[in-house]
Amino acid sequence: MHPQRRIPSSFDGRIGTMMQPVRVRFAPSPTGRPQVGNIRTAMFNWLLARHTGGTFILRIEDTDVTRKVGGAVEYIMEGLRWLGLDWDEGPEVGGDYGPYFQSQRLALYQEAARRLVEQGDAYYCYCSSERLEEMRQDQVARKQPPGYDRRCRSLTPLECAQKESGGLRPVVRFRVPESGQTRFRDLIYGDVVFENTTIDDFVMLKSDGYPTYHLANVVDDRAMKISHVIRGEDWISSTPRHLLMYKALGYEPPQYAHNPLILGPDRSKLSKRHGAVSILEYRDQGYLPETMFNFIALIGWSLDDKTEIISREDLVKNFSLERMGKTGAIFNREKLDWMNGVYIRGLAPDDFARRVLPFLEKDLPTAVRRPLHADYVRRIMPLVQERTKRLTEVAGLVKFFFVDELEYDPPLLIAKNMDRSTTLKALEVSLSRLEKLADFSEALLEALLRPLAEELGLKAGQLFSVLRTAVTGETATPPLFQTMSVLGRDRCLKRLQEALARLRTVSS
RNA sequence: GGCGCAUUCGUCUAGCGGCCUAGGACACGUCCCUCUCAAGGACGAGAUCACGGGUUCGAAUCCCGUAUGCGCUACCA
C-alpha cells in the first residue's frame, strides 16, 4: 500500500520529518451541535491516525468567548462517540500535551505574540472596530480589496504607551511581508501559491487577551507535535497566514491536507438553513452510526470504482489521503436512506429489535402501555426489519400490533374488483372458518385461507387484501399469515368481527 | 472587487495519455418474483467528460485561456 504515492515530496525531503509519527487533531469550536461536515473532517483525521497507528487528538478551540455555547463540548464528544471516533488525547482522557482547551492555554499564545512583537514580526494595533468598519465600507465602495490599512504598523513604543495610557487595549497584528509569495503543497489539492501582498495584517491576539484561530492553531499544533493538519477546504485561504507565522516563529510547519466541503442542495456550504446538519440529528432520525460512518466517508473519498458498502475496519485498512477527491459534494439523502436500509437489513434480528426499542417507546401512540413487552417486540421486528429505512418509521409500521382499537375507513375493506356484498361474504366465511382453527400458526393459516379464496371464487390476493385490512387497518403490511400469527387468534377474530360490523354500516 | 480552489450522468463517484463508442451506486422507468408493501433479480433511460485553444500518432486524463460555481476576504472558527 502506498498511502501518498502521488504526492511529490517537498516536505519528505526535509530531514527529520519523514519518519515522524502521525499525530492529527480534530479541533472544533464549541458553538453548537457538531455538524456533519466537521464530523467528516474528524473522521478523516481519525482514519489517518488509525491507518498509520498514529495518534488522534481532540482539542477544543474555545477562543471566542462571544460564540461559546454551553453544552457544546458535550455534544461534540457525544457525536464523536456515537460514531466510534475515539480520541487518544483530549478532554476526559487527558494526554501529555494538555490542556486540550485553548481557553486554558492563553499564556502560551500571549507569549508567542509577545515574542513576535519583540522580533518585529508583529505589532500592537489600537484601531477601534468602528474605524475598521468604516475603513472596510470605504474600501468596498471604492472597489478596493478590503483589508487592514496598516495604520498602526509603525507606531513607536512611545506612541503605543500614550494610546495605552488613554485606556486603549490593543490587538496584536502580524506584520505580513510586503513582497514575496507563500506557497505550500497541499496533500489533496497540490501546490497552492499566494502573493504576500494579497494578505493583510491579520489579528493574532484580540484585545481581550484571547488568540484568534490563526495564532492558536499554530501555537498548539506546534506544541502538540501535530504532523498533519486535515481540515476543511475553507481554510485554504488562511493557510499562508499560518505558514508565515511558523516561519517567523522558526517552526517547521505540519503537512496540510484540506478536504472538500459538504454542500447543501444549492451547492453552497452546508449550513442550518439546509435542514438537518448535526450528526446527532441523523442519529435521532433513525440512521445507524455504521451507515453514517460509511456514507460520510464516501463523500469525498472512494476505495475504487464500485465499492459502496464498506466496513469501518476496511476503511481504516484502506484509507489514504491520495484517494480523496477535491470537489465539494452535495449530501444525498436518498442514497443515505438506501444505505441505512442496507445496514438495517444486515443487523442480527435481536440487535435490530434492541436498537428500535427506544424509538418505539418514544413514537408509539401514548395510549399504548409502557414499557413495551420486549419479547413481543422481538417477535414483531423480523416482520418489518427488511422494510425499514429509518428507525423512526418503525412505530408507524407496527402500530397495529400494539393498539387496541383500529382506525380505518370501512370501504377500504373492499378489495379490488369486489363489492360490499362479496366482501361481507368473504369476511363472514373467513371468520367462521378461522374460529374453528385453534392454532394460528403461519402454516395452518395458509393451508386454510388459500383454498378458501378459491372456494369463494376469489383470487388469493383479493381475500388476503380484505383480511389484511380487517386485521391491521392498513393496506400495506408485512405478509398476512406472519402478521396474523404474531397478532394471535383472539385479536384476529375480534378484529374480523369488528370489520364485519363496520362494513355493515356502510350503505351499498 | 481581490485572492484561492474546483468543474465527468439529476446526485455521489471511477478514471492518473491508448483498456472509455466513459464504469459503478442512489434516484427514475419497464419487466420478473409476489397476498399488499418492501427486499431481490433482469433490462433501460440518463454525461457531446463546462467551453475554446494547444501539446501528442493518440486527451476525460497534460498545458493555456474563458465561463461558471464555491470558499476566504471579522478583535468567528
Side-chain angles (χ1 to χ4, degrees), chain A residues 5-6 27-31 38 61-64 66-67 125 127-129 132-133 136 139-140 142-148 169-173 186 189-190 192-195 197-200 202-208 210-214 216-217 231-240 258 260-261 263 265 267-269 295 298-309 322 325-339 341 345 384-389 397 415 446 449-450 453 459-465 467-469 472 474-481:
Chain A
R5 173 163 53 92
R6 272 163 84 200
S29 185
T31 55
N38 292 108
E61 309 233 333
D62 52 349
T63 57
D64 187 343
T66 63
R67 291 210 314 162
C125 168
C127 295
S128 67
S129 38
L132 259 15
E133 184 51 36
R136 256 191 302 277
Q139 286 165 333
V140 171
R142 296 198 338 257
K143 296 202 185 274
Q144 293 296 306
Y148 180 56
R169 305 280 302 135
V171 300
V172 178
R173 286 181 185 275
D186 190 277
Y189 285 92
V192 186
V193 185
F194 293 81
E195 291 297 330
T197 51
T198 64
I199 305 168
D200 77 343
F202 57 93
V203 173
M204 291 172 21
L205 200 66
K206 308 177 211 178
S207 54
D208 62 3
Y210 276 69
T212 60
Y213 170 84
H214 306 300
N217 103 88
R231 73 218 317 187
E233 188 250 31
D234 43 354
W235 285 110
I236 237 174
S237 299
S238 302
T239 305
H258 289 89
L261 269 20
L263 276 20
R267 301 211 74 92
S268 68
K269 183 157 95 171
F295 187 77
L298 254 35
I299 296 179
W301 185 87
S302 64
L303 175 65
D304 54 29
D305 59 344
K306 39 196 52 131
T307 303
E308 303 287 347
I309 302 298
E322 130 180 317
K326 40 176 86 167
T327 52
I330 294 172
F331 194 93
N332 186 338
R333 286 297 285 254
E334 287 75 44
K335 189 164 182 174
L336 210 216
D337 283 347
W338 161 78
M339 189 176 281
R345 273 173 253 129
V384 293
Q385 184 167 356
E386 73 167 18
R387 298 175 163 70
T388 110
K389 284 189 159 47
L397 257 26
E446 177 153 20
L449 264 12
R450 231 173 246 289
K459 285 184 178 172
Q462 291 179 300
L463 208 219
F464 297 169
S465 169
L467 297 178
R468 163 174 290 110
T469 306
T472 68
E474 307 282 340
T475 54
T477 74
L480 220 218
F481 313 127

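All chains are named by letter (A, B, ...) in the order of the sequence lines, taking the proteins before the strands, and each is independently numbered beginning at 1. Note: hydrogens, waters and symmetry copies are ignored here, and every other heavy atom, side chains too, is used.
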Rounded interatomic separation in angstrom, taking [atom1] from [X] and [atom2] from [N]:
| X | N | atom1 | atom2 | answer |
| --- | --- | --- | --- | --- |
| A:E446 | B:rU34 | CD | P | 12 Å |
| A:Q139 | B:rC3 | CD | P | 15 Å |
| A:K306 | B:rA14 | NZ | P | 13 Å |
| A:I299 | B:rC26 | CD1 | P | 16 Å |
| A:H258 | B:rC70 | NE2 | C1' | 15 Å |
| A:L261 | B:rC12 | CG | P | 13 Å |
| A:I330 | B:rU13 | CD1 | C1' | 13 Å |
| A:K335 | B:rC28 | NZ | C1' | 15 Å |

Filtered N/O pairs between nucleotides 74-77 of chain B and protein, under 3.5 Å:
from   : atom 1 : to     : atom 2 : distance (Å)
B:rC75 : O2     : A:S207 : N      : 2.8
B:rC75 : O2     : A:S207 : OG     : 2.7
B:rC75 : N3     : A:S207 : OG     : 3.0
B:rC75 : N4     : A:C127 : O      : 3.4
B:rC76 : OP2    : A:K206 : NZ     : 3.0
B:rC76 : O2'    : A:D64  : OD2    : 2.8
B:rC76 : O2'    : A:R67  : NE     : 3.0
B:rC76 : O2'    : A:R67  : NH2    : 3.2
B:rC76 : O2     : A:R67  : NH1    : 3.4
B:rA77 : OP1    : A:T63  : OG1    : 2.7
B:rA77 : OP1    : A:K206 : NZ     : 2.9
B:rA77 : OP2    : A:Y213 : N      : 3.0
B:rA77 : O4'    : A:R67  : NH2    : 3.3
B:rA77 : O3'    : A:E61  : OE1    : 3.3

Main-chain N/O of [Y] paired with [X] side-chain donor or acceptor, under 3.5 Å:
| X | Y | result |
| --- | --- | --- |
| A:Y189 | A:K326 | yes |
| A:D234 | A:L261 | no |
| A:Q139 | A:G147 | yes |
| A:T198 | A:E195 | yes |
| A:D200 | A:Y148 | yes |
| A:T31 | A:R67 | no |
| A:K206 | A:T63 | yes |

Any idea which heavy atoms bring [X] and [Y] closest together, and the distance?
| X | Y | value |
| --- | --- | --- |
| A:A216 | A:P211 | CB-CG, 3.8 Å |
| A:G328 | A:L263 | C-CD2, 3.5 Å |
| A:L449 | A:F464 | CB-CE2, 4.0 Å |
| A:I309 | A:W338 | CD1-CH2, 4.1 Å |

TODO: Could you work out which one of B:rG71, B:rC12, B:rA14 sits closest to the side chain of A:S302?
DONE: B:rA14

Open item on the list: Can you tell me which nucleotide in B:rU36, B:rC12, B:rG24 comes closest to the side chain of A:E308?
Closed with: B:rG24

Rounded distance in Å between the [atom1] positions of [N] and [M]:
| N | M | atom1 | value |
| --- | --- | --- | --- |
| B:rA38 | B:rC32 | C1' | 16 Å |
| B:rG46 | B:rU13 | C1' | 15 Å |
| B:rC26 | B:rG65 | P | 40 Å |
| B:rC63 | B:rC5 | P | 13 Å |
| B:rC12 | B:rC64 | P | 26 Å |
| B:rC31 | B:rA45 | C1' | 14 Å |
| B:rC51 | B:rA59 | C1' | 16 Å |
| B:rA42 | B:rA25 | P | 10 Å |

When you compare the protein's N or O atoms with those of nucleotides 47-49 of chain B, which come within less than 3.5 Å of each other, and at what distance?
none

Name the pairing partner of [N], where a pair is Watson-Crick or G-U wobble with both distances under 3.5 Å, or state none.
| N | value |
| --- | --- |
| B:rU61 | none |
| B:rC35 | none |
| B:rG29 | B:rC43 |
| B:rU68 | B:rA6 |
| B:rA74 | none |

Would you say the base of [N] and the side-chain of [X] have a donor-acceptor pair closer than 3.5 Å?
| X | N | result |
| --- | --- | --- |
| A:T198 | B:rG2 | no |
| A:R468 | B:rC35 | yes |
| A:Q144 | B:rG2 | no |

TODO: Give a yes/no on whether any side-chain N or O of A:R142 is located under 4.0 angstrom from OP1 or OP2 of B:rG2.
DONE: no

Task: OP1 or OP2 of B:rU11 under 4.0 Å from side-chain N/O of A:R267 - done: yes

- [ ] Check the angle between the aromatic planes of A:H214 and A:W235 and answer parallel, tilted or perpendicular using the 30° and 60° thresholds.
- [x] perpendicular

Dump the pairs, protein N or O against N or O of nucleotides 39-45 of chain B, anything under 3.5 Å, distances to one decimal.
from   : atom 1 : to     : atom 2 : distance (Å)
B:rA39 : OP1    : A:K389 : NZ     : 3.3
B:rA39 : O3'    : A:R345 : NH1    : 3.3
B:rG40 : OP1    : A:R345 : NH1    : 3.4

- [ ] Select from A:A329 and A:L480 the residue whose nearest nucleotide in RNA chain B is closer to the 5' end of that strand.
- [x] A:A329

Task: Step-by-step side chain to side chain contact (heavy atoms under 4.5 Å, CB included) determination, A:W301 to A:I299 - done: CA-CA 6 Å; A:W301 185 87; A:I299 296 179; over 6 Å; no

Open item on the list: I'd like to check the salt bridge (charged side-chain N to carboxylate O under 4.0 Å, His left out) partners of A:E133; sequence neighbours left out, ordered by chain and number.
Closed with: A:R136

Open item on the list: What I want to check is whether the side chains of A:R468 and A:T477 have a donor and an acceptor closer together than 3.5 Å.
Closed with: yes

- [ ] Dump the intermediate steps for side chain to side chain contact (heavy atoms under 4.5 Å, CB included) on A:T239 and A:R231, then the final yes or no.
- [x] CA-CA 11 Å; A:T239 305; A:R231 73 218 317 187; 3.1 Å; yes

Could I get a table of every N or O pair under 3.5 Å where one atom is in the protein and the other is in nucleotides 5-10 of chain B?
none

- [ ] Decide if atom CZ of A:R169 counts as having more than 12 heavy atoms of other residues, nucleotides or ligands within a radius under 6.0 Å.
- [x] no

Identify the pairs formed between an N or O of the protein and an N or O of nucleotides 62-65 of chain B at a distance under 3.5 Å, and give each distance.
none

Open item on the list: Any base atoms under 4.0 Å from A:G325, or only sugar-phosphate, or nothing? Heavy atoms, all strands.
Closed with: nothing

